[in-house]
There are 2 protein chains.
Amino acid sequence: MVEHSELPRDVRLLHSFFRIHRNLARLARRTAVKNGLSFPQFVVLMMIAPRKKMTQKMIGERTFIPKSTLSQAVDGLVKAGYLLRRPVEGNRRESELALSKEGEAFFGELLRQEGSVASFFAKACQALSDRQYRLLLEAHQVIAEALEQEQGDKSRC
Amino acid sequence: MVEHSELPRDVRLLHSFFRIHRNLARLARRTAVKNGLSFPQFVVLMMIAPRKKMTQKMIGERTFIPKSTLSQAVDGLVKAGYLLRRPVEGNRRESELALSKEGEAFFGELLRQEGSVASFFAKACQALSDRQYRLLLEAHQVIAEALEQEQGDKSRC
DNA sequence: GAATCATTGTTCATTTTCGAACCGTTTTAT
DNA sequence: ATAAAACGGTTCGAAAATGAACAATGATTC
């Protein structure tokens, strides 16, 4: 194992997230494929599920999925009957996407499957104390905001 | 904005990581492409940089990059002169990969560029207190271990 | 109100990634 | 010692993801 403590703080933070990142990607992809979804499709459902409806534009802004990819992913989900697509009222340019009954059932079931990403996070969750959990979410919030700003920072920390 | 606090703890944790995940993927990909690397190639360098040398097998185990993808990524890096490849001593099956002088310089420079993933994490880093930073790494360690075990958990938390 | 510009989403050609079959090497079993 | 199985890595065809050009709509300016 590499001696991470020798690395600068920022690089170490990057590595820490990278490790989770790779695991998340691996587990999410596995869950998606097992259920006949592409990875972007999984991301779209993940994003829309708690809100029930969103515009395609909004999904693009939040997920950073390139719009050509997004367009195709959404198209597949609509054809599969998991999403309902219609133009936004009073704006024929944007599309509004809503989770269908079938989509809701499908995705709920998918997350509940043994071996799904969610099941692993359930386990991870149990390994954290309440306090750890709360502080983790707070820290993530701060970090996400930093990553979503326009410019990075050259100075080390 | 969705009312995340209504979601179960595990799903909320998943969403929290997902947000960082998408940002990390976006920024890392941007940094990679800007420097003529594919995403897996970036991951390989990221992994090998602090250790200087690793076997290809080891990289595969830690990154979860499919071996066909990994093989091609490594091949490109070798051809570009960033990695040195030779069979492991006493085992003609595995290959040992080492960062070349050029590779080290290249990757170091890449991380230092304005707008690189690392620069964004430097900024994020500054937004955290020492205590937050320490607790974050601890929590990540616990979570990564849970994700890397064989089986997930069906029960909620 | 016509012309120009910006925005949202789609299409399509290209590039990237992946899984399956495969090859050579090492290990295990008999 | 030989056969069989396991392993690490590569190759190659198929599938997925991407960027660039485009079409349709909406906003802005003169």
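What you see below is based on every heavy atom in this structure, not just the backbone, and it leaves out hydrogens, waters and symmetry mates. We name chains A, B, ... by the order of the sequence lines, and we start the count at 1 in each one.
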Determine, using ring centers only, whether A/His140 and B/Phe18 are less than 6.0 Å apart.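 That pair fails the under 6.0 Å test.
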Within this structure, what is the CG-CG distance for the pair B/Leu111 and B/Asn35, rounded to the nearest 0.5 Å?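 If we round to the nearest 0.5 Å, B/Leu111:CG and B/Asn35:CG are 9.0 Å apart.
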In 5'-to-3' order, the base (B), backbone-only (S) or no-contact (-) status of each nucleotide in nucleotides 3-11 of chain C, using a 4.0 angstrom heavy-atom cut-off, is ---BBBBBB
For [X] and [N], what is the distance between atoms [atom1] and [atom2] respectively, to the nearest whole Å?
| X | N | atom1 | atom2 | answer |
| --- | --- | --- | --- | --- |
| B/Met54 | D/dG9 | CE | C1' | 16 Å |
| A/Leu37 | D/dA16 | CG | P | 11 Å |
| B/Phe39 | C/dT15 | CZ | C1' | 16 Å |
| B/Lys34 | D/dG19 | NZ | P | 15 Å |
| B/Arg92 | D/dG9 | CZ | C1' | 14 Å |

Under 3.5 Å, is there a donor-acceptor pair linking the side chains of B/Arg19 and A/Gln141?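 Yes, side-chain donor-acceptor contact under 3.5 Å.
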Would you check if the side chain of B/His15 reaches a backbone N or O of B/Val11 as a donor-acceptor pair within less than 3.5 Å?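 Between the backbone of B/Val11 and the side chain of B/His15 there is a qualifying donor-acceptor contact (under 3.5 Å).
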For the residue pair B/Arg22 and A/Phe64, would you count it as a cation-pi contact if the rule is NZ or CZ under 6.0 angstrom from the ring centre and within 45 degrees of the ring axis?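 No, B/Arg22 and A/Phe64 do not form such a contact.
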Once salt bridge (Lys or Arg N to Asp or Glu O under 4.0 Å) is applied, do any residues pair with B/Arg131, and if so which ones, sequence neighbours excluded?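 Checked B/Arg131 against salt bridge (Lys or Arg N to Asp or Glu O under 4.0 Å); zero matches.
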